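Every value quoted in this text rests on a predicted model; they were computed, and no experiment measured them. Each chain gets a letter, A, B and so on, in the order the sequences are listed, and its residues count up from 1.
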Amino acid sequence: MAAGLDRPQVVSHAQQALNYTLFDCKWVPRSARLLCLGSTARGSGLLQLYELRGGRLALLREIEKAKPLKCGTFGATSLQQRYFATGDFGGNLNIWNLEAPEIPVYSVKGHKEIINSIDGVGGLGIGEGAPEIVTGSRDGTVKVWDPRQKDTPVANMEPVQGESKRDCWTVAFGNAYNQEERVVCAGYDNGDIKLFDLKTMSLQWETNIKNGVCSVEFDRKDVNMNKLVATSLEGKFHVFDMRTQHPTKGFASVSEKAQKSTIWQVRHLPQNRDIFMTSGGAGSLHLWKYEYPSQRSKKDSEGAEMGVAGSLSLLQNVTLSTQPISSLDWSPDKKGLCVCGAFDQTVRVLIVTKLNKV
Amino acid sequence: MPVWLREHRWRQTASAVYLSLPVRGLRVTPANIFCTDRYLKVSIPPFLFEAILYAPIDDTNSTAKIGNGIIFFTLYKKEVAMWDSLTLATANKEKLQYLRENAVLKAHEKAKEETEAKKVTKQEHKKYALEATMKLEEAERKRIEDLKEKERQKVTEELELWKKQQDAAEKQKRVQKEGQLHQEVVQLKEKKQEKINKTRIPNEGTSETRIKATKGCRGSYSMFSENLKEEQLPAPRSTATIKINFTSRVFPTALRESRVAEEEEWLRKQAEARRTISDDLAELEDLKEEEKNPDWLKDKGNKMFATGNYLAAVNAYNLAVRLNNKLPLLYLNRAACHLKLRNLHKVIEDSSKALELLTPPVPDNENARVKAYVRRGTAFCQLELYTEGLQDYEAALKIDPKNENVEKDAEKIRQLIQGTTQDS
């Protein structure tokens, strides 16, 4: 038992029962507040701002919007402004100032169908370059927006004319280590993962992982792309080593089958990029650590550089709920503090201990 | 008839009776001895010894020792008394029988009771064992819970501390910034003149108005820092589109590995269903893949009908019917061709077949049915079977009362019929 207790423990700190379907929850940067967004029973969108007080969550503000909200991010705003970008069921991208939420700061009907996933880069004092937001939608397109340019996206990844569309389920920014470089990674429901280089405006890499891709995330958005985790249906996830791209084989990867159910989300710990948490369809959370191989790249038979994938170890797992945990966010300010929202209409604040010793 | 053993000897004390029974040369096992509180029997076929005891004995404690050709019984009396004789002197055969049966019954009951008692004790032991293990597990669980609880409390305290630090830091920052605010107002007014031409962020407007309503909100000083930063940010990217292709997938649902086998099976079955049913027609081997497809053949037939090549159209429809004789449209179209070719009997045949296949009559196949009736009606009229023709036209009208052509033709036929009946 003693050996077991040296591992990181997932401690439940506070939880709140909600009366609407929760789709996403995010920490407000530099504070102990969090935002929950979702869809009420009457078909409208709801944004709630909570503050962590003692062992409880206290509701500070509640904002209702016309369409149900699916996803949101703080990624593209500055630390002073802290504007929140949301994607909703009607395909609208809105950026809200939470102090004055009646009229959005930026609004565009970006997609014909629901925006499934959103990510922001260039804000919060992380990375360099223009702040941009990427949205992925059920209409099969991935669009990159600049809040300074109205109405049209700065990049649009859409299917060729006549091609039948596949739902885009997840998007993520990466490789934003200087002002010019940036990549967008998108995962689709037919198992496709596509990597778009925004500097050259081209498709850099694509692959198919044989199961619909639920969530992709780079371990860090603002460094030379290092690792990419893609989770999928059927309980599988893949970790790609993004440092070395082979001309034909692409990126090396290691995959793990953690559980029988869908892995809904993956989130890397902001303070340690080799630790990440996956949330599953059976209401469980798994904490993983990635170990690098002794040599990250090697030469293949033709002399081309090929990446070598490392290994994964499970640090801890815990089952919190019977319903899928659909959203997960680490606090960027306190190591180990995270919030997760599940389809049992509860938002839970958890603390993962002993992450220093890992 | 058993052989009675009578050479027994006995002696008694106040509390016990000692009986010795010689059994020379016989093998005795405990099963041969049967004893209740009033009756004792030793049965080693064909030998038999029985004694109906003078007074009751304590049969559970009494013992029998087998050895050396003798069985030595030690029977403890229930009542301390001296017996007059070992056995009761009863000559009555019936009484003997009754006593024997009674003894057997008693023995049965005793046996039953013993098993019951054993069961009960066994259950109690089990229960006890279970409770003991449960207690142990409970203790273990509690220990783990306590450890976790301690962790939780420790972490909660740390969190509270951190929160307080955050709040303090924020307050400090706010005070600082508000001090800076006054200083930078002048600076900014100068900068504004320069920056009139540059593109503005839409939210700049709102942040300006909020300056007036300072309430310590975070945005009040943002305008300044934003303007400074704006110069460092690159311009928005030039718009571009990347065209992508998806890995093809027939089904609109998401791809799951566990379902791939089922999906392949389904697709294979669909493909087979479209292929030719009859493989033994030799000519079909000459045809290309598409020529085996009834739908393609129907299209070909339609095109040829449109260009006026009715014989070729009929050929196409014939082949299509050979491949799949369940499609009503093939017969319908072939009827139209035959009508143009004036093969009137064939028209009637084909329209009838089409109508057969167009059951059940639903709004979806209204058009098709109307056409079938009209074509058949026309054929009948051209064969001068006007009454049948009229019947078909009226059926067509029933389905589609608004069709003027059908109405007109029906009228014409009625006139014709009335004309002929009048004549004759």
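Residues A:Met201 and B:Arg237 meet the side-chain proximity criterion, which asks for heavy atoms closer than 4.5 Å. Contact check for A:Tyr188 versus B:Thr247: no side-chain heavy atoms found under the 4.5 Å cut-off.
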Report task. Would you please test A:Arg53 and B:Lys163 for side chain to side chain contact (heavy atoms under 4.5 Å, CB included) and show each step? Result -> CA-CA 9 Å; A:Arg53 279 187 203 155; B:Lys163 244 201 75 186; 3.9 Å; yes

Query - Step-by-step salt bridge (charged side-chain N to carboxylate O under 4.0 Å, His left out) determination, A:Glu163 to B:Lys243 - result: CA-CA 10 Å; A:Glu163 174 100 16; B:Lys243 294 282 182 191; over 6 Å; no

Query raised in the report: Would B:Val155 and A:His13 satisfy side chain to side chain contact (heavy atoms under 4.5 Å, CB included), going step by step from the backbone distance to the final call?
Result: CA-CA 9 Å; B:Val155 164; A:His13 179 69; 5.6 Å; no

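Within the 4.5 angstrom heavy-atom criterion, only backbone atoms of A:Ser202 (N, CA, C, O) approach chain B. Of the atoms belonging to A:Ser12, it is backbone heavy atoms, and not side-chain ones, that fall under 4.5 Å from chain B. Using a 4.5 Å cut-off between heavy atoms, A:Glu206 contacts chain B through its side chain alone, with no backbone atom that close. No part of A:Ile95 comes within reach of chain B, as not one of its non-hydrogen atoms sits under 4.5 angstrom from that chain. When heavy atoms are compared at a cutoff of 4.5 Å, A:Lys194 approaches chain B solely by way of its side chain, counted from C-beta outward. When heavy atoms are compared at a cutoff of 4.5 Å, A:Pro153 approaches chain B solely by way of its backbone atoms N, CA, C and O. Looking at A:Asn211, the atoms closer than 4.5 Å to chain B (heavy atoms on both sides) sit in the backbone and in the side chain alike. The contact between B:Ala235 and chain A is made entirely by backbone atoms, counting heavy-atom distances below 4.5 Å.
In terms of heavy-atom proximity, B:Arg152 sits nearest to A:Val11 at CG-CG1, 2.9 Å. Minimum heavy-atom separation, B:Phe251 to A:Arg166: O-NH1, 3.0 Å. Between A:Leu233 and B:Ala254, the shortest heavy-atom contact is CD1-CB, 3.9 Å. Contact detail for B:Pro234 and A:Gly129: the closest heavy-atom pair is CD-C, 4.0 Å.
If you take CG on B:Leu159 and CG on A:Leu337, they are separated by 5.5 Å, rounding to the nearest 0.5 Å. Note that the NZ atom of A:Lys165 and the CZ atom of B:Phe246 stand 9.0 Å from one another [nearest 0.5 Å]. We find the CG-CG distance between A:Asn208 and B:Leu255 to be 6.5 Å, quoted to the nearest 0.5 Å. B:Thr253 OG1 to A:Asp189 CG: the interatomic distance, rounded to the nearest 0.5 Å, is 8.0 Å. Taken to the nearest 0.5 Å, the CD1 atom of B:Ile242 stands 12.5 Å off from the OG1 atom of A:Thr141.
More than 12 heavy atoms of other residues, nucleotides or ligands lie within 6.0 Å of CZ in A:Arg348, so this atom counts as buried by the packing criterion. Taking a 6.0 Å sphere around NZ of A:Lys257, one finds it holds more than 12 heavy atoms contributed by other residues, nucleotides or ligands. The environment of A:Lys334 atom NZ is dense: over 12 non-hydrogen atoms of other residues, nucleotides or ligands sit within 6.0 angstrom. Within a 6.0 Å radius of CD in B:Gln172, no more than 12 heavy atoms belonging to other residues, nucleotides or ligands are found. Residue B:Asn367 places its CG atom among 12 or fewer non-hydrogen atoms of other residues, nucleotides or ligands, all under 6.0 Å distant.
In terms of heavy-atom pairs under 4.5 angstrom with chain A, the leader among B:Lys154, B:Arg249, B:Gln166, B:Glu158 is B:Arg249. Most heavy-atom pairs under 4.5 Å with chain B, from the set A:Gln149, A:Glu132, A:Arg30: that is A:Glu132. Ranking A:Thr152, A:Leu52, A:Asp333, A:Thr353 against chain B, the residue ahead of the rest is A:Asp333, based on heavy-atom pairs under 4.5 Å. Of the residues considered (A:Ile103, A:Asp167, A:Leu203, A:Leu198), A:Leu198 shows the highest number of contacts with chain B, using heavy-atom pairs under 4.5 Å. Between chain B and the options A:Ala14, A:Ala32, A:Pro159, heavy-atom pairs under 4.5 Å are most frequent for A:Pro159. In terms of non-hydrogen atom pairs under 4.5 Å with chain B, the most contact-rich of A:Ile351, A:Val144, A:Val142 is A:Ile351.
Looking at A:Glu234 and B:Ser258, their side chains do bring a donor and an acceptor atom within 3.5 Å of each other.
Between A:Lys236 and B:Glu257 there is a salt bridge, since at least one side-chain N of the basic residue sits less than 4.0 Å from a carboxylate O of the acidic one.
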